[in-house]
Number of protein chains: 2
Amino acid sequence: METKKDSTEEKILEAAKNVFVTKGMDGARMQEIADEAGINKALLHYYFRSKERLFEAIFGEIIKYAFPKISRIIASDMGIVNKIEQFVDAYLDVLMKHPFIPGFIMKELSRDPSTFLKMIMKFGFNPQIVFTQIEEAMNRGEIIRMDPRHLAVNVISMCVFPFAARPIVSFVIFKEDQPAIEKFYHERATVIKQFVVNAIVIKP
Amino acid sequence: METKKDSTEEKILEAAKNVFVTKGMDGARMQEIADEAGINKALLHYYFRSKERLFEAIFGEIIKYAFPKISRIIASDMGIVNKIEQFVDAYLDVLMKHPFIPGFIMKELSRDPSTFLKMIMKFGFNPQIVFTQIEEAMNRGEIIRMDPRHLAVNVISMCVFPFAARPIVSFVIFKEDQPAIEKFYHERATVIKQFVVNAIVIKP
DNA sequence: GTATGATTTAACCATTCAGTTAAACTATCA
DNA sequence: TGATAGTTTAACTGAATGGTTAAATCATAC
């Protein structure tokens, strides 16, 4: 019984993810989720008692992706430039696989900040570690002087924002030319790394 | 007779903006808007017949801010580096005055992309102009070679994203230390300009 | 074959919410 | 004074929606 994972439950989770991600908690309709999962409302409630519970299931799942084992990269003891490059690669990799995450998080963030920030705390990464490391590199003259917090925000912005604003980017720049869009997003990692290195690394 | 602007209507618009901006179209409640405006639901419908109409009024207003007279800067014939710097200054200025805009747009974008993209079209700025100018500067060896579209996305990302993700930034980095947050956001323009110049300008 | 759990059907309940209505009240203007 | 626009109060309608329920059906295992 249920050798892999219960197929219906997975269908529900998949459908719920799609609907919640595009419509948000408020906009999502249980009926729509049921339809998309190819079942009926009764069965949907049979699996997940309430909309609230279903949402939390999805939400937790997504957060796990959003703040991934990148902590490990951050905590590692490699050089800062190397570390930034690995961070960008790892983060872009996650985003390419789950491009809807930024949009979803932005939406739910203002709706209910408290539960969200609680979630973040659980992953409790300490940015101070990176900030200190950046400052040391500056003192050694490896990279230019700048507020480490601004540097971090710059890097993360360039990684995340294009996914949050994907519809605008794809419409304004690419007129919905799908293959070109795909290509563009695949190039992001390389471009960002190059851009950051150019901006901060001091050549001897 | 309404010498300035009808005070009640303005109270409504102000209240509606606040509610729509934090809750989104779906999450917003007419009752809440009425309460926040210090009036009752009946009067609210007396001024704006429906939630739709009220939302559209707010939406149009906000879009006007979001895509401001920056077009003029883009179309001007100053040098590209200068132009980027002026763009960043102007854009950050708008964002500092209306910091809620990015979050709002992100939310409503996935809910109803069509009406939104229609709005954008109206402002019909042609990014191709800037792209061409960037390429010319590259050919003259003023700035390094890179896909102009990536450059544009990088700059805009660094400008906009911190506002869209403001709650996270202020929580993770600043632990809600308001004055520090304010200071940080005021520094953004200078930091971004410096960062971009470092990244792309070729020193002779 | 029968028991059990999964699934459907379809009706239903309770609540929330946008929007309406009518009546009364207030202030202002003419 | 009386007309008029703005405003309140309070009750209501109607639709959408989350959630429940009971009975019927289907599949599978025992």
Quiz item: For K51(A), what residues pass the salt bridge (Lys or Arg N to Asp or Glu O under 4.0 Å) criterion, not counting sequence neighbours?
Solution: none

Practice problem: With sequence neighbours excluded, tell me which residues meet salt bridge (Lys or Arg N to Asp or Glu O under 4.0 Å) with K17(B). | Solution: none

Quiz prompt | Atom pair distance, as rounded to whole Å: NZ in K11(A) and P in dA6(C) | solution = 14 Å

Quiz item: L43(A) has an atom CG; how far is it from atom C1' of dA10(C), in whole Å?
Solution: 15 Å

Which atom pairs, one a donor and one an acceptor, fall under 3.5 Å between side chains of residues 156-169 of chain B and the rest of the protein, sequence neighbours left out?
residue	atom	partner	partner atom	Å
S157(B)	OG	V153(B)	O	2.6
R166(B)	NH2	E182(B)	OE2	3.4

Exercise. Rounded to the nearest angstrom, tell me the gap between atom CD in E9(A) and atom P in dT7(C).
Key: 10 Å

Quiz item: What residue pairs, at least two apart or across chains, pass salt bridge (Lys or Arg N to Asp or Glu O under 4.0 Å) with a residue in residues 24-48 of chain B?
Solution: K23(B)-E32(B)

Quiz item: Can you give one letter per nucleotide of nucleotides 12-27 of chain D, going 5' to 3': B for a protein heavy atom under 4.0 Å from the base, S for sugar-phosphate only, - for none?
Solution: -----SBBBB------

Exercise. Check whether any side-chain N or O of T8(A) sits under 4.0 Å from OP1 or OP2 of dA6(C), and answer yes or no.
Key: no

Quiz prompt | salt bridge (Lys or Arg N to Asp or Glu O under 4.0 Å) partners of E187(B), counting only residues at least two apart | solution = K183(B)

Quiz item: So H150(A) and F184(B), would you call those rings parallel, tilted or perpendicular, with 30° and 60° as cut-offs?
Solution: parallel

Quiz prompt | Residues in side chain to side chain contact (heavy atoms under 4.5 Å, CB included) contact with A180(A), at least two apart in sequence or another chain | solution = F174(A), D177(A)

Quiz prompt | Pair listing, salt bridge (Lys or Arg N to Asp or Glu O under 4.0 Å) test, anchored in residues 148-161 of chain B, at least two apart | solution = D147(B)-R149(B)

Practice problem: Return each pair, listed once, that meets side-chain hydrogen bond (donor to acceptor under 3.5 Å, both in side chains) where at least one residue sits in residues 96-109 of chain B; pairs must be two or more places apart or across chains. | Solution: S110(A)-K107(B), D93(B)-K97(B), E108(B)-R111(B)

Quiz prompt | Distance test, side-chain N/O of Y46(A) to OP1/OP2 of dT7(C), below 4.0 Å | solution = no

Quiz item: Ignoring hydrogens and geometry, is there a side-chain-to-backbone donor-acceptor pair from Q133(A) to M78(A) under 3.5 Å?
Solution: yes

Practice problem: Side chain of I39(A) only, please: which of dG5(C), dT7(D), dT8(C) is the nearest? | Solution: dT8(C)

Quiz item: In whole angstrom, what separates Y47(B)'s OH from dT20(C)'s P?
Solution: 17 Å

Quiz item: Once you build an axis from the first five pairs and another from the last five of the helix from dG1(C)-dC30(D) to dA30(C)-dT1(D), how far apart in angle are they, to 10 degrees?
Solution: 10°

Quiz item: Looking at residues at least two apart in the chain, or sitting in another chain, which of them share a salt bridge (Lys or Arg N to Asp or Glu O under 4.0 Å) with D112(B)?
Solution: none

Practice problem: Report the distance from atom CZ of F48(B) to atom P of dT7(D), rounded to the nearest whole Å. | Solution: 12 Å

Practice problem: Check DNA chain D against residues 53-62 of chain A and give the residues with a non-hydrogen atom under 4.0 Å, in numerical order. | Solution: none

Quiz item: L44(A) CG to dA6(C) C1': how many Å, rounded?
Solution: 14 Å

Quiz item: Which whole-number value in Å describes the distance from N40(B) CG to dT21(C) C1'?
Solution: 13 Å

